[in-house]
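Numbers here are sequence positions counted from 1.
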Amino acid sequence: MKRPGKITIIGGGIAGLCTAVYARQSGYEVDLLEQHQSAGGLATSWRRGEYTFETCLHWLVGSNPGGTLHAEWREVCDIDRLRFVDHEEFVRVEDEHGASLHIYADVDCLEAELVKVAPEDEIEIRHFTNAIRQLVDLPMPHPDQPWLARIAGMLKMLPDLCWLGSFWQGRPRVYAAGPLVIMTRS
């Protein structure tokens, strides 16, 4: 039986590293080319003085043991040794006058912040945060599922997806709040 050949992978980011792992597992000889001193791509950080600049992953599907794709991460890295930090604040936006808007990971905190900044938009903000609450438990189909199982899973999601479509219908394009809270739909 002929052995698989040799492949060259350009880029040592997450995709390149995973491709290299699976290629080696399949018997290929692998050359992995990376332009930087260390592999990792956007999943790296660097230090300058006493500060660490973390440009890495802000959201990783599969970080939760037992969650979708966790087993796949275990195939390519020791994900269970990694420590994930769940921040209260996802992002903060500040304008030139010092006013700030905090986007919290917790939906209740997010809702309170948006209503505080734009009380005139409270009804729409509550529609928005209720949509988040409705969709947070929407199951993700697993990539290893057979096509029929994926289709069945998608059919089960239809009521939620129809609800989401009706949520956006007829909503105004621009809300009343200032420049920090303007939501649009295309």
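- Between the CG atom of Leu33 and the OG1 atom of Thr8 there is a distance of 6.0 Å, given to the nearest 0.5 Å.
- The backbone N or O of Ala99 lies less than 3.5 Å from a partner atom in the side chain of Asp95, making a donor-acceptor pair.
- Under a 3.5 Å cut-off, the side chain of Arg126 and the backbone N or O of Asn130 do not form any donor-acceptor pair.
- Rounding to the nearest 0.5 angstrom, the gap separating the CD atom in Glu88 from the OH atom in Tyr104 is 7.0 Å.
- Rounding to the nearest 0.5 angstrom, the gap separating the CZ atom in Phe128 from the CG atom in Leu114 is 7.0 Å.
- Using a 4.5 Å heavy-atom cutoff, the side chains of Glu120 and Ile125 are not in contact.
- By the criterion of side-chain heavy atoms lying less than 4.5 angstrom apart, applied directly or through intervening Ile, Leu, Val, Met, Phe, Trp or Tyr residues, Ile9 is not grouped with Val21; the two fall into different hydrophobic clusters.
- Between Ala39 and Leu17, the shortest heavy-atom contact is CB-CD2, 4.0 Å.
- The two residues Leu32 and Gly16 have their closest heavy-atom pair at CD1-O, 4.1 Å.
- When every heavy atom of Ser63 is checked against every heavy atom of Ile79, the shortest pair comes out as CA-CD1, 4.2 Å.
- Closest non-hydrogen pair, Asp80 versus His70, comes out as OD1-NE2, 2.8 Å.
- Counting heavy atoms of neighbouring residues, nucleotides and ligands inside a 6.0 Å radius, atom CZ of Arg48 does not exceed 12 of them.
- Here the closest non-hydrogen pair linking Val30 and Ala23 is CG2-CB, 3.7 Å.
- Note: Leu101 CG to Glu94 CD = 10.5 Å, rounded to the nearest 0.5 Å.
- Listed for the Arg74 side chain is no donor-acceptor partner under 3.5 Å among the backbone atoms of Cys77.
- The backbone N or O of Cys109 lies less than 3.5 Å from a partner atom in the side chain of Asp106, making a donor-acceptor pair.
- Note on Glu111 versus Lys116: no salt bridge recorded, every NZ/NE/NH1/NH2 to OD/OE distance being 4.0 Å or above.
- Grouping the Ile, Leu, Val, Met, Phe, Trp and Tyr side chains by contacts below 4.5 angstrom, directly or via other members, places Ile14 with Leu82.
- With hydrogens and angles disregarded, a donor-acceptor distance shorter than 3.5 Å links the side chain of Glu34 to the backbone of Gly12.
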_Verdict with supporting geometry, Arg92 and Ser100, side-chain hydrogen bond (donor to acceptor under 3.5 Å, both in side chains)_ = CA-CA 7 Å; Arg92 181 183 326 155; Ser100 63; 5.6 Å; no
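- The backbone N or O of Tyr22 lies less than 3.5 Å from a partner atom in the side chain of Ser26, making a donor-acceptor pair.
- With rounding to the nearest 0.5 angstrom, the CG atom of Leu110 is 7.0 Å from the OG1 atom of Thr129.
- Heavy-atom contacts from other residues, nucleotides or ligands closer than 6.0 Å to CD of Glu89 number more than 12.
- Taking CZ of Arg24 as the start and CD1 of Ile7 as the end, the distance is 10.0 Å to the nearest 0.5 Å.
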